[in-house]
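Right, one structure below, let's go through it.
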Amino acid sequence: MPRITLPDGSTREFDHPVTAHEVAKDIGSGLAKAVIGAKIDGEICDLATTIDRDCKLELITPVDRKTGESSDEALYLIRHSCAHVMAEAIQRVICPRIELVYGPPVENGFYYDMRLPEGVNFSSDDFEQIEAEMEKIIKEDRPFTRFEMPVDEGMKKLRDEGSKYKLDNAERAVEAGSDRLSWYATGEPGKNWEDLCRGPHVPSTGRIGAYKITSLASSYWHGDADSDSLLRVYGTAFADQKQLDRYLEQLAEAKKRDHRVLGKQLRLFHVDETVGQGLILWTPNGAVVRQELQNFISEELRKQGYQQIFTPHIGKLELYKTSGHFPYYQDSQYPPLIHHEHLKMLADDGCSCAQLANSMKEGEVEGYLLKPMNCPHHIKIFDSQPHSYRDLPVRLAEFGTVYRWEQSGEIGGMTRVRGFTQDDAHLFCTEDQLAEELVGCLSLVKIIFKTLGMEDYRVRVGLRDPDSSKYVGDPKNWGKAEQACREAAKGLGVPFSEEAGEAAFYGPKIDFVVKDVVGREWQLGTVQVDYNLPERFDLSYIGPDNQPHRPVMIHRAPFGSMERFIGVLIEHFAGAFPTWLAPEQVRVLPISEKSADYGREVFEMLKAAKVRVTLDDSNERIQAKIREATEWKIPYLLIVGPRDAESRQVSVRARGFMKDLGAIPLDDFVATVREEITTRGAATVIEEHFQAAATA
RNA sequence: GCCACCGUAGCUCAGUGGUAGAGCACACCCUUGGUAAGGGUGAGGUCACGGGUUCAAGUCCCGUCGGUGGCUCCA
């Protein structure tokens with residue numbers, strides 16, 4: 001008879017099979033009331049699950065009594081159950097003929113995919129009504145009742161009901177090894193709403209807590225673009241209103257630091273539909289941030305022995321045929337630029353687009369390509385001279401702008417664009433130098449992320465799929481390169497994962513993924529080993545044996561692109577850039593016209609010290625000037641009035657303190673702000689000046 | 001690319017087929033003030049673009065462009 005081990009190690013024995021709920025009752029009536037599910041030998045189950053064998057049992061309550069937080073399991077049960085309630089409400093409120101497809105819990109909530117019958121539609125305007133219906137179902141506190149059938153019988157039921165989607169789900173379950181199919185009725189089977197579902201669920205609808213329908217999207221059946229288009233309704237649910245409110249606040253907070261919102265507010269960049277989708281116009285403020293960042297990266301590159309180069313934005317088609325970019329990746333490139341005479345000739349001949357594409361592939365029409373990658377140009381620089389092994393490694397760096405035809409639905413803000421500038425570099429080295437070069441690439445990343453305070457990132461090492469033969473290069477070298485990537489990643493001291501099958505066909509790679517303050521992940525740069533391009537371009541160096549050898553290439557763009565990186569940076573800092581990056585570093589605010597002359601003097605002095613400073617000599621009151629300046633997230637505001645002019649001081653209001661920190665001599669301020677800027681924030685001397693005021 | 005929703009002043013947004021609105025920003029005037037909005041006046045619009053329905057369209061329909069959310073893709 002079942003002997004049940006609880007998480008604290010204690011055991012309970014029963015002389016008959018019991019349900020998880022009965023065990024909870026046996027422990028205490030309070031627990032029995034609170035509990036919403038169980039974990040039996042690590043597997044999450046309904047509370048009504050019968051236990052007839054020895055097992056480990058964990059009871060799931062909506063909220064942990066000690067921490068006040070919900071476990072992942074509790075949220076899983078609540079959200080999965082809420083998906084059912086939402087689906088029922090939608091069928092009742094919108095249309096009963098809506099076909100249900102699939103409704104799982106996901107991170108931060110749940111969704112339900114459904115197929116709408118012809119002519120039926122709904123929008124976010126209907127959310128309120130659906131939520132009202134959900135409220136009713138929850139108030140009724142109907143039990144989630146599980147019932148099972150043998151596969152044959154279950155399939156027949158589904159066929160009779162005529163839902164191809166549910167039938168498909170069942171077939172998949174059977175393929176995965178199920179010998180029975182299960183349904184959950186919200187109430188009484190055969191009488192109330194039901195759904196084919198593996199479960200588990202909370203015991204009854206009343207236990208769902210707080211919920212909200214969040215958005216509407218579309219999806220494809222099986223994720224296949226050629227298959228049926230489905231409507232996906234997103235929602236979220238929590239154990240209680242407080243948690244839901246907190247989540248919604250986080251969402252609102254995330255929206256406020258969205259780089260697209262801040263980009264507009266702080267005039268960092270502009271996208272103009274008449275210029276083109278996904279083409280970033282860097283406005284003066286954004287250009288400052290980018291320029292400062294590029295200067296910083298360039299300095300570090302020089303320290304590491306990189307040489308800076310410049311290459312044009314286009315190159316002959318032939319070049320990209322050699323590299324393999326054309327026509328292999330033609331779909332993700334802007335169409336080629338072709339010669340006038342060709343264009344004219346083809347037009348006169350009434351040539352179709354398809355014919356044109358064909359003749360370009362065949363080499364009958366020459367043209368140029370807007371470069372989708374910088375490597376071919378860099379390779380040509382490397383190859384413009386013979387190389388001795390003594391020259392290696394050669395490290396060529398360029399902030400190189402590339403253009404890619406991203407799918408229109410994917411483009412947005414600065415993080416997914418069609419024209420972008422990579423902090424690109426290509427390293428040409430010997431097989432033996434590879435490991436050390438990889439370490440060098442990663443140390444650069446480390447320095448820069450640290451300076452920017454972006455310490456919450458992880459590294460993904462992409463390795464070969466052991467079952468595939470698509471990879472180019474010597475398997476022995478691959479093994480060594482993979483090991484080198486692994487070691488280099490380890491040396492960073494941040495979490496990293498190895499992912500088999502994620503390598504490019506031409507070499508293993510290391511990707512950097514950063515997390516922003518609200519927990520979203522962004523893939524930034526990569527470091528990739530390449531055995532393919534040196535082969536394709538027939539690169540060589542002369543070794544100590546006086547024989548030609550093939551160099552190995554490393555592509556590295558550790559920040560991905562300036563666009564995406566700065567997009568992420570805007571969100572990371574919520575627009576409040578550290579002083580060295582801030583478009584406007586200091587603003588001088590004279591109290592009134594009486595102090596205008598001194599204000600101008602302060603302004604000129606800072607300008608001469610190469611500080612990005614402005615003077616607000618408008619005839620507003622000081623309160624209004626401060627408010628205005630605060631909205632621009634300027635690091636330092638200098639309030640100057642007759643008192644300050646008298647003593648040649650400035651009254652400092654530093655961003656983040658939101659109050660008057662007191663006055664310091666003008667010369668001291670200039671010197672300290674300079675130091676903060678040149679050390680890129682390593683010295684935050686200003687605050688030390690005001691220790692007492694700042695902490696008061 | 002696919003699906004849904006959206007596009008009104010520089011920005012944020014109201015606007016029920018019948019005379020295009022508010023707040024902020026901007027310009028000018030008054031105000032000259034010590035740490036998050038002083039007051040007044042004014043200017044600002046092809047309601048994304050193109051077609052259609054209607055006596056009448058910002059509003060309804062179709063198309064195009066663009067945005068948002070998702071799906072798919074991502075050298």
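Below, chains carry the letters A, B, ... as their sequence lines are ordered, and counting in each starts from 1. Note that these values count all heavy atoms, side chains included, but never hydrogens, waters or copies made by symmetry.
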Does [N] pair with anything, Watson-Crick or G-U wobble, both distances under 3.5 Å, and if so, with which nucleotide?
N	value
C28(B)	G40(B)
U35(B)	none
A4(B)	U68(B)
C73(B)	none
U46(B)	none
A22(B)	U12(B)
C60(B)	G52(B)

Would the base of G70(B) count as contacting Tyr220(A) through its side chain, where contact means a donor and an acceptor less than 3.5 Å apart?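 When only heavy-atom distances are counted, Tyr220(A) does not reach the base of G70(B) through any donor-acceptor pair under 3.5 Å.
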Under 4.0 Å, heavy atoms only, any strand: does [X] hit a base, just the sugar-phosphate, or nothing?
X	answer
Ile411(A)	sugar-phosphate
Gly324(A)	nothing
Ser323(A)	nothing
Tyr111(A)	nothing
Ile622(A)	sugar-phosphate
Lys625(A)	nothing
Gln407(A)	base
Gly413(A)	sugar-phosphate
Glu620(A)	base

Of all the nucleotides listed (G67(B), A75(B), G33(B)), which has the minimum atom distance to the side chain of Gln333(A)?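 Selected nucleotide (nearest to the side chain): A75(B).
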Taking only side-chain N and O atoms of Arg621(A), does any of them lie within less than 4.0 angstrom of OP1 or OP2 on G34(B)?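 No, no such contact exists.
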If I take atom CZ in residue Arg655(A) and atom C1' in nucleotide U35(B), what distance separates them, rounded to the nearest angstrom?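 Going from CZ in Arg655(A) over to C1' in U35(B) covers 17 Å.
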How many whole angstroms separate atom CZ of Arg232(A) from atom P of G70(B)?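 Going from Arg232(A) (CZ) to G70(B) (P), I get 10 Å.
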